[in-house]
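Take a look at the structure below.
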Amino acid sequence: MEWIMGGRRHGLIRARKAAYYTQESLAYELNLNPGTVGDWERGRSEPLPYKRPKLAKLLGVSREQLEVLLREGQDVTSATPSPAPGPPPAAPASNSSPDPAPSAVGRFTALSADDHARLTVTLSDPRRYGDEQVVALLGRQLEQSMHDDGLLGPARTLPTVTAVLEVVAALARDAPPSVRRPLLSLGARGAEFAGWLHRDSRDMPGAVRWYSQATEWAQEAADLPLQGYLLLKKSQMAYDQRDAVRLHALATAAHTGPWQLPAKVQAEVTQQVARGLAMLGEPLAAVERHLDQAHRWLGRATDASDSGSLSSHYSATSLTLQTASCYIEAGKPRQAADLYEQAIRTPALSHRDQGYFLARHTVALALAGEPDDAATQGLKAMAIAATTQSQRTTRELERALGTLTPWASRPGPRALGEAVRAAASN
């Protein structure tokens, strides 16, 4: 008998989607060209043997199960008739695992026992029991998780958010069309939040994976404003990676795309364009002109249209903090330090964000040549980073230490360096 490539691997496609990967994000994890995964799923090529262990791990299947999924794309040519096409053979019972979604419901801390029961019943038959109330329950848990993140940090928040997304994916497969669209919009917001949590943990591949899933769900839901918002978030991730060109391109695309963004999102997008201009070395006047436009957009967000919408949390304090980062990128650290000091005094920041922006204040003070004040703020930030496990905060403090090198022997900078190094060794 001769094996030849042929049919579409539906089981492999289902396994990828169940693991919350797009073709592109799975290829990214495997360090492959974006089209390679699509070729596997269409039965046009095979994963090389040395890639298969990692592929199985990413998909959450055993190596034996992966081989079963890959055999779906093979046809047998022989003198005997080919069997009728069908699903791939079931894996041995010892290797199989139940749908994780029902157990995920147990991790929902914001819902009552009756709510848990309602979700569990809905998962048993989404087409029959799925309705807007179920979407509202998932939204309530997601909102609670967003609140928890500011107090507890990403490591303790992410498991519950992942549970919400497991349930969204399970329900979306069979939910009635009238429910599927709002469910996928909710899922896209949750996936964006999961991407943010991975960014805060300095897990960029994880962030890419969830942002890709968020984009796919937003597109399926035909949620145009959310698609624009996700471009903003990807632009912010480009800032984490110090990629000025990509940052500016994505922010500009969010600003000019075919969607009507809420005023607060427009303010944040316009600020992000300003930050890109600063990083690209454009004149300060151009940067400040966009910052003025951002303030005007924020001033328009006075009616109920922004309540509960994308970036509903965005405030004058948020814009002040982001304006400070623009001044750092424009080479004006003293102005940035003044803005950070002004904003950090407000009670609007969560515990985690307080630590992060104290670290940003540390960077500004270090760049302004004020090492002792920088170290004082940096030690405060380090104490908060230790409780919230915010790797973004630690990264900013590492950046500040580089700037403080000329003063490394002074008591304050030395103490900060010891604290950051001790945290890195744990």
Side-chain angles (χ1 to χ4, degrees), residues 150-151 153 200 236 239-240 242 264 267-268 270-272 274-275 277-279 284-285 287-296 298-299 311 313-388 390-408 410-417 419-420 423:
L151 298 173
D200 198 22
Q236 292 172 348
Y239 179 65
D240 295 342
R242 308 298 300 166
K264 288 185 177 182
E268 193 171 7
T270 306
Q271 172 280 139
Q272 188 71 352
R275 181 151 55 182
L277 292 173
M279 292 180 72
L284 182 60
V287 175
E288 291 182 328
R289 185 167 60 251
H290 281 81
L291 290 172
D292 287 342
Q293 291 174 3
H295 280 281
R296 287 196 292 273
L298 191 59
S311 277
H313 64 282
Y314 199 72
S315 65
T317 298
S318 306
L319 183 51
T320 297
L321 291 165
Q322 292 180 341
T323 297
S325 74
C326 292
Y327 279 113
I328 287 180
E329 302 301 338
K332 303 292 182 181
R334 182 63 260 175
Q335 290 93 319
D338 291 342
L339 289 171
Y340 280 127
E341 183 174 3
Q342 169 191 331
I344 288 170
R345 290 176 178 174
T346 68
L349 297 178
S350 69
H351 186 55
R352 192 271 321 283
D353 287 350
Q354 184 85 14
Y356 175 71
F357 288 111
L358 279 167
R360 295 287 292 168
H361 192 199
T362 302
V363 170
L365 289 168
L367 290 169
E370 300 180 24
D372 296 325
D373 288 343
T376 298
Q377 297 298 84
L379 287 168
K380 294 177 185 177
M382 193 67 248
I384 296 175
T387 62
T388 61
S390 173
Q391 296 299 316
R392 281 200 327 148
T393 300
T394 304
R395 181 190 59 208
E396 289 299 324
L397 293 173
E398 291 169 352
R399 178 183 173 193
L401 284 177
T403 305
L404 289 170
T405 299
W407 302 282
R410 296 175 71 124
R414 186 172 66 248
L416 178 60
V420 172

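One is the number of the first residue; the rest follow in order along the sequence.
The line from CZ of Phe357 to CG of Leu321 is 4.5 Å long, rounded to the nearest 0.5 Å. For the atom pair Arg395 CZ and Ser390 OG, the distance stands at 8.5 Å (nearest 0.5 Å). Taking CG of Leu277 as the reference point, atom CD of Glu288 lies at 12.0 Å (rounded to 0.5 Å). Distance OH/Tyr314 to CG/Leu319: 4.0 Å, rounded to 0.5 Å. In this structure, CD in Glu398 is found 12.5 Å from OG1 in Thr403, a value given to the nearest 0.5 Å. Of the inter-residue distances, the one linking Met279 atom CE with Ser325 atom OG reads 9.5 Å to the nearest 0.5 angstrom.
No hydrogens or angles considered: nothing links the side chains of Gln322 and Tyr239 as a donor-acceptor pair under 3.5 Å. At a cut-off of 3.5 Å, with distance as the only test, a side-chain donor of Gln236 or Glu268 sits close to an acceptor on the other residue.
Here Arg242 pairs with Glu329 in a salt bridge; the nearest charged N to carboxylate O distance falls below 4.0 Å. Under 4.0 Å is where a charged nitrogen must lie from a carboxylate oxygen, and between Arg399 and Glu396 at least one such pair does.
Of all the heavy atoms in Thr362 and Ala400, the pair that sits closest is CG2-CB, 3.6 Å. Taking each heavy atom of Ala374 and Ala366 in turn, the nearest pair found is CB-N, 3.8 Å. Of all non-hydrogen atoms in Asp200 and Arg352, the two that sit nearest each other are OD2-NH1, 3.1 Å. The minimum heavy-atom distance between Ala364 and Pro333, with the atom names listed, is O-CB, 3.6 Å. Annotation for Ala336 and Ala324: closest pair CB-O, 3.2 Å, computed over non-hydrogen atoms. Nearest heavy atoms, Ile384 versus Thr387: O-OG1, 2.8 Å.
Here Tyr340 pairs with Arg360 under the side chain to side chain donor-acceptor pair (under 3.5 Å) rule; sequence neighbours left out. Taking the side chain to side chain donor-acceptor pair (under 3.5 Å) definition, one finds that Ser318 meets it with Ser315, sequence neighbours left out. By the side chain to side chain donor-acceptor pair (under 3.5 Å) test, Glu370 is found to be paired with Arg334, residues two or more places apart in sequence or in another chain being considered. Partners of Arg296 under the salt bridge (charged side-chain N to carboxylate O under 4.0 Å, His left out) rule, at least two apart in sequence or in another chain, do not exist in this structure. Here Thr320 pairs with nothing under the side chain to side chain donor-acceptor pair (under 3.5 Å) rule; sequence neighbours left out. With sequence neighbours excluded, the residues satisfying side-chain contact (heavy atoms from CB on, under 4.5 Å) with Ala381 are Leu358, Ala359, Thr393, Leu397.
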Exercise for the section: Check step by step if side chain to side chain contact (heavy atoms under 4.5 Å, CB included) holds for Thr270 and Leu291. Expected result: CA-CA 7 Å; Thr270 306; Leu291 290 172; over 6 Å; no
Exercise for the section: Mind running side chain to side chain contact (heavy atoms under 4.5 Å, CB included) on His295 and Thr323 for me, showing each step along the way? Expected result: CA-CA 10 Å; His295 280 281; Thr323 297; 4.3 Å; yes
Exercise for the section: In sequence, state the C-alpha distance, the side-chain angles, and the governing distance for Leu284 and Tyr327, and then conclude on side chain to side chain contact (heavy atoms under 4.5 Å, CB included). Expected result: CA-CA 9 Å; Leu284 182 60; Tyr327 279 113; 4.0 Å; yes
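Residues Thr388 and Leu151 have side chains not in contact (no heavy-atom distance under 4.5 Å, counting atoms from C-beta outward). Inter-residue side-chain proximity for Gln342 and Thr317 is flagged as unmet; no heavy-atom pair is nearer than 4.5 Å. Within the 4.5 Å cutoff, side-chain heavy atoms of Asp353 are placed close to those of Ser350. Considering only heavy atoms from C-beta on, His290 stays 4.5 Å or farther from Gln271 through its side chain.
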